[in-house]
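None of the values given here were measured: they were computed from a predicted structure. Remember, it's 1-based here, ligands and their atoms both numbered in the order they're listed. Side-chain atoms are counted along with the backbone in the values below, which use heavy atoms only and exclude waters and symmetry mates.
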Amino acid sequence: MSLYDRNLILFSGKGGVGKTTIASSYALSCARRGQRTLLMELNVRDKVASYFGSQEIGSEIVTVEDNLHAVNVTPDAAMEEYGMMILRMKLVYRAVFENRVVRTFLQAIPGLNDLLMIGKAWHHATETDADGGPVWDTVVVDAPATGHGIFLLQIPSVIMSSISSGHMYREAEKIFSFLTDPQKTALNLVTLAEDMPVNETKMLRDQARQKLEMPIGCVVANGLYPQTFDQRERDWIDAAHEGNLSVDAGVSGMINAAAFRQQRIDMQQHYMDEIERSFDAPIARVPYYFEDRITFPVIESIAERLADQLDPEGAP
Ligand SMILES: Nc1ncnc2c1ncn2[C@@H]1O[C@H](COP(=O)(O)OP(=O)(O)O)[C@@H](O)[C@H]1O
Ligand SMILES: [Mg+2]
């Protein structure tokens, strides 16, 4: 089943591997296919706005492109909306959640913020309009890095195993069955073709299977260097680098730099082979962009690559 047919698309992986970049690009690729898309950051310093050249993204949903909307969920705002949904009544919500003592108490409950945020993501993924149609075709979540991500996604089942009935239990159960449904949800793994990120990604995959029971969508191998040299040049660089070829002393720095680049490319190839051997999910490759910073044209380019690789026969 194509990733593009599912409703809740989460991206996690080691810190700094490109989760936010890839989640933003994937969300754009959905929007470009005509899907009404919501991109969610979870209580982080907003980065998405800079990619889309929009105003800073806060807890109000804003439009950043045709069909593409974004929000940065804060626990407070989620508490207000989701807490109110649970309690149904504004007055009761006010009396309970806006009481200072209750608030301080609630903030001390481990996992409450995460429950509110995953609850909000689930809420948007299942939200319907007045005619009963879905408000969003796709909700894309820029999830926290591995450890925190697992913690966050485990919250519903933790609640289910610690309380056995009641309103809270039923809420958690609804979220859990949505998160674990391969027709609806996909947890996608972003990694670099490097030792530590690949190991962490395997760990995340194992936890997703065993602890979370969540379906894996795809693996995104990010930041891949293009092959810079052809075979003849590589032989020449090797020979010069190893001192088997005499070169002008003035270019020795260049030779070292070229040899270093080729080593990086070889190392990435080694870890790409390992990624191919270790994961049975579709793999999307995203190149390293040699830019000062990631801007909209880069996001567009990554969006196209993701769509081409993850659903080559899909809508434009
Ligand atoms: N394919 C890429 N090419 C070049 N730079 C990238 C690429 N992907 C991510 N980056 C840069 O790497 C850094 C980390 O990316 P980010 O998406 O913020 O990672 P994460 O959300 O996993 O912490 C950012 O500065 C981002 O601009
Ligand atoms: Mg990020």
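Selection from R305, K47, R293 by nearest heavy atom to atom 25 (O) of ligand 1 gives K47. Checking I302, I294, V17 against atom 27 (O) of ligand 1, the nearest heavy atom belongs to I294. For the residues A143, S50, P287, G18, the heavy atom positioned nearest atom 15 (O) of ligand 1 is part of G18.
Remark: atom 13 (C) of ligand 1 lies closer than 4.0 Å to no protein heavy atom.
Connection of L28 to I61 is not established within any shared hydrophobic cluster, with ILVMFWY side chains joined at heavy-atom distances below 4.5 Å, either directly or through further cluster members.
Of the protein's non-hydrogen atoms, the one nearest atom 4 (C) of ligand 1 is Y289 O, 3.3 Å. At the shortest separation from atom 7 (C) of ligand 1 among protein heavy atoms lies N222 ND2, 3.8 Å. Annotation: atom 20 (P) of ligand 1 to nearest protein heavy atom, K19 N, 3.5 Å.
If you look at I22 next to ligand 1, there are no close heavy atoms at all, none under 4.0 Å.
Among the atoms of T21, some N or O lies under 3.5 angstrom from an N or O of ligand 1. Any N or O atom pair closer than 3.5 Å counts here, and G16 shares at least one such pair with ligand 1.
Using modelled atom types and a 3.5 Å distance limit, the side chains of D142 and T20 yield a donor-acceptor pair. No side-chain donor from either of Y4 and T138 sits under 3.5 Å from a side-chain acceptor of the other.
Paired with Y225 under the rule ring-ring contact (aromatic ring centres under 6.0 Å, His included), one option of F260, Y271, Y288 passes, and it is Y288.
K174 and E171 are joined by a salt bridge, as a carboxylate oxygen and a charged side-chain nitrogen come within less than 4.0 angstrom of each other. Between R45 and E56, none of the side-chain N atoms (NZ, or NE/NH1/NH2) sits under 4.0 Å from a carboxylate O, so this pair counts as no salt bridge.
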Determine, stepwise, if the pair Y289 / S301 fulfils side chain to side chain donor-acceptor pair (under 3.5 Å).
CA-CA 10 Å; Y289 287 81; S301 166; 2.6 Å; yes
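Here the two rings, on Y51 and F296, have centers that are 6.0 Å apart or farther.
With 2.8 Å as the limit, T21 does not count as an N, O or S neighbour of the Mg ion (ligand 2).
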